Amino acid sequence: ESNSMYTTRQFLYQSVQTPGPVVTGIWGNEWIYRGHDGEAVDLPYIKVILSDDCNQDNKVDWQDGAIALQRVYPAPFGVDRIQNSYATITMNFASCAQYPFLRQLDNIKKFYLATDGFGQMLELKGYQSEGHDSAHPDYSGNYNERAGGKDDLAFLAKEARKYNAHIGVHINHSESYPEARAFNDRIVTDMPAWSWLDQSYFLNKEADMLAGTFEERLNRLKTDVPDLSFVYLDTYREYRWLAHRTAGLFNRNGWAVWTEDADVFDKEAVWIHYNPEAKSLIHRFVHHQYRDGYAVHPALLGGYNRGAEIGFMGWQKGRDFKGVIRNFFTKQLPYRYLMHYPVLQLDTARAVLQGGLLAVGDGKNGTLIKREGQILMTGDCVFIPWNPETEEKIYHYNVRGGKTAWQLPASWQQQETVYLYELNDLGRKLAGTLPVRNGQIEIDALPDKGYIVYKQEMAPLPEMIWSEGSPVKDTGFDRQSFDYWKKQGATVALAVRETVYGQDYLEIKGMDAAGVSQVVNGLIPGKEYVASVWVNVIGRKEAVLAIQSGKTLSERTSISESRV
């Protein structure tokens, strides 16, 4: 029998009691819940699994039960990417388009070169309308034109995959802003919500879902930007069928679930934004492999640092590329390595993982990671094979620099010589060949410098085309040369420099007129274009941005006696 919400499904089960009679052939009914759209959803259930001592600690306790649950718990969609990627946030805000989509692609290339192609997952805050927290819930059809619009966004998501990077976007299904095209009285309540750039109002999520309009907006986003890999759902505090259905829609479109709060999407989310209280050893024991979203643990580390040091594209005023690289080597890389292995034993300072891995830490002297005697990390010095299964290369980083000796993995024991490469944002450069003695090598590293070790000599990484998709090439001077730019005036005053935080820029010194120019081709007559430049003027000088078309010259001048 059935009604609009429930159906019954007959089943046959066999009950066996020992000693005692065997009871067979009993028919019963199993209730199946059907969601508002008719989707069949299993009712909540309890499954009991009996476990013995399966972590070899000579006792049976909650950790053995956690391992039993760990073995049957379904892995969330997209977990393989979070295990193999550096997670970060980019941000455009308040109509400023600080990081246009094509500029973000250049930054992806910088990180790709500086980490020898390690994976990336980038959450775009402000891909829509005028930037972050504008025009919710316009997931599609209202893209940030100042940052490049729909075409540049789709180009970014597609091209990023060539560099082992995956793009996701930040959306909101809790609030609506009056400027949103989706703002209407069918799905928006009169209850005031977040008031920041504008007064928002709470959404009626259920009405939006049942009307099909929520799904329609998501599907249009999938059509417009087919190469998105995940969606971050902000300020979401829903636990009912709506949350289940929302995660299903995301996964159906090929999107992993990211979210803000730790207790939402507990089965589906692979990345949690804010979770300082996530200290449950039981939860971490079971889900360690499945999500980046835990407070720092002395042994298991913590994944993404949610502060400014983890991003260099605007989030929390982040701009420090060097800090990002340090964070990658000393935090995210070892954490991602550990995520590949289930936990077997865990306390507040020690973790034993499958594969002979041991991680310990006291919260003061950093983390020690060993695998069957081979040290992979000690303090802020790492020697980590990647990937964990194939071990075709080894990452090395030493914050203080100096000579350190390392035992090679078992899969490298036949090597007599290895090749050491220095990494920077132009790629890898051979630093020397190292002899293998008794299965060990010695590395003399520069402070805060990334290295990669290979079994054989490697060709350079492909030379990058900077600012692909843009009429202007090498907009950030990331090539660190004037190959795309023509010098003018007092050319001795011109140089490409690097800031203390690792960003490239054009320097023009002295009082004599000097500058650079570039011929731009392919502009469409009648179409509007905008050119802008970030300028820091020191002293009584002029900075001029000029565009010449035929005999027409347009200029914008900045004059300052201090920093602008």
Side-chain angles (χ1 to χ4, degrees), residues 55-56 75 79-86 112-120 164 288-289 299-301 328-345 351-360 366-398 403-423 427-445 449-461:
N55 63 357
Q56 292 83 50
V79 70
D80 54 329
R81 287 178 182 157
I82 200 69
Q83 289 175 339
N84 294 286
S85 300
Y86 179 92
Y112 176 88
L113 292 171
T115 62
D116 204 60
F118 199 86
Q120 301 174 66
N164 199 17
H288 157 73
Q289 289 182 273
L300 290 180
L301 305 163
F328 162 71
F329 278 104
T330 61
K331 295 180 181 178
Q332 286 216 31
L333 174 63
Y335 184 54
R336 293 303 188 259
Y337 186 88
L338 293 175
M339 283 182 75
H340 282 77
Y341 299 93
V343 176
L344 300 178
Q345 300 174 27
V352 177
L353 300 95
Q354 215 171 72
L357 275 174
L358 172 67
V360 295
T367 300
L368 173 68
I369 301 175
K370 296 196 300 183
R371 184 179 56 189
E372 298 177 345
Q374 178 197 0
I375 294 177
L376 305 180
M377 180 178 187
T378 175
D380 49 17
C381 193
V382 301
F383 188 75
I384 294 181
W386 200 262
N387 65 45
E389 287 77 29
T390 59
E391 299 184 329
E392 68 268 17
K393 59 187 178 182
I394 304 172
Y395 284 102
H396 175 61
Y397 194 87
N398 188 345
K403 290 184 178 181
T404 49
W406 302 92
Q407 182 75 31
L408 290 170
S411 61
W412 287 53
Q413 289 305 308
Q414 301 303 315
Q415 294 296 125
E416 297 181 355
T417 303
V418 298
Y419 293 81
L420 179 70
Y421 289 85
E422 181 180 310
L423 297 175
R428 59 183 177 232
K429 178 182 178 182
L430 185 63
T433 57
L434 305 178
V436 179
R437 299 187 178 93
N438 298 320
Q440 291 189 334
I441 61 172
E442 185 178 76
I443 299 177
D444 190 0
K449 172 65 67 174
Y451 293 87
I452 198 84
V453 182
Y454 276 99
K455 295 179 181 180
Q456 65 279 334
E457 191 168 0
M458 302 295 292
L461 290 170

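If you're wondering where the values come from, they're calculated on a predicted model, not measured in any experiment.
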Between [X] and [Y], a side-chain donor and acceptor under 3.5 Å:
{"X": "Tyr337", "Y": "Arg371", "value": "yes"}
{"X": "His340", "Y": "Asn84", "value": "yes"}
{"X": "Ser411", "Y": "Glu391", "value": "yes"}

State the [atom1]-[atom2] distance between [X] and [Y], to the nearest 0.5 angstrom.
{"X": "Gln83", "Y": "Asn387", "atom1": "CD", "atom2": "CG", "answer": "11.0 Å"}
{"X": "Phe383", "Y": "Thr404", "atom1": "CZ", "atom2": "OG1", "answer": "8.5 Å"}
{"X": "Leu420", "Y": "Lys429", "atom1": "CG", "atom2": "NZ", "answer": "12.5 Å"}
{"X": "Ile384", "Y": "Arg336", "atom1": "CD1", "atom2": "CZ", "answer": "12.0 Å"}
{"X": "Ile452", "Y": "Ile394", "atom1": "CD1", "atom2": "CD1", "answer": "8.5 Å"}
{"X": "Gln289", "Y": "Leu353", "atom1": "CD", "atom2": "CG", "answer": "8.5 Å"}

Determine whether [X] and [Y] make a side-chain contact, defined as any pair of heavy atoms from C-beta on separated by less than 4.5 Å.
{"X": "Phe328", "Y": "Thr115", "value": "yes"}
{"X": "Lys370", "Y": "Leu358", "value": "yes"}
{"X": "Gln120", "Y": "Asn164", "value": "no"}
{"X": "Pro334", "Y": "Tyr395", "value": "no"}
{"X": "Leu113", "Y": "Leu461", "value": "yes"}
{"X": "Tyr397", "Y": "Thr330", "value": "yes"}
{"X": "Lys393", "Y": "Asp116", "value": "yes"}
{"X": "Val453", "Y": "Trp412", "value": "yes"}

How close do [X] and [Y] get, counting heavy atoms only, and between which atoms?
{"X": "Pro385", "Y": "Leu376", "answer": "CD-CD2, 3.8 Å"}
{"X": "Ile443", "Y": "Trp406", "answer": "CD1-CD1, 4.3 Å"}
{"X": "Ala299", "Y": "Thr367", "answer": "O-CG2, 3.5 Å"}
{"X": "His288", "Y": "Leu338", "answer": "NE2-O, 2.8 Å"}
{"X": "Ser85", "Y": "Gln332", "answer": "O-OE1, 3.7 Å"}

**Report entry** Lys455 atom NZ: more than 12 heavy-atom contacts under 6.0 Å
**Finding:**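 Atom NZ in Lys455 is packed in, count exceeds 12.
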
Report task. Determine whether more than 12 heavy atoms belonging to other residues, nucleotides or ligands lie under 6.0 Å from atom CD of Gln456. Result ->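 Check passes, neighbour count above 12.
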
[X] side chain vs [Y] backbone, donor-acceptor pair below 3.5 Å:
{"X": "Gln345", "Y": "Asn55", "answer": "yes"}
{"X": "Gln413", "Y": "Leu408", "answer": "yes"}
{"X": "Gln374", "Y": "Gln407", "answer": "yes"}
{"X": "Tyr421", "Y": "Met458", "answer": "yes"}
{"X": "His396", "Y": "Gly450", "answer": "no"}
{"X": "Asn438", "Y": "Gln440", "answer": "no"}
{"X": "Lys449", "Y": "Asn398", "answer": "no"}

Query raised in the report: With respect to Phe118, which candidate in Trp386, Tyr86, Phe329 satisfies the ring pair (Phe, Tyr, Trp, His ring centres under 6.0 Å) definition?
Result: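 Among Trp386, Tyr86, Phe329, the one meeting ring pair (Phe, Tyr, Trp, His ring centres under 6.0 Å) with Phe118 is Trp386.
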
Report task. In plain terms, say whether Glu422 and Arg428 are close enough for a salt bridge, that is, a side-chain N and a carboxylate O under 4.0 Å apart. Result ->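 Here Glu422 does not pair with Arg428 in a salt bridge, since their nearest N and O are not under 4.0 Å apart.
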
Report task. Could you walk me through whether Thr417 and Val436 pass the side-chain contact (heavy atoms from CB on, under 4.5 Å) test, one step at a time? Result -> CA-CA 5 Å; Thr417 303; Val436 179; 5.7 Å; no

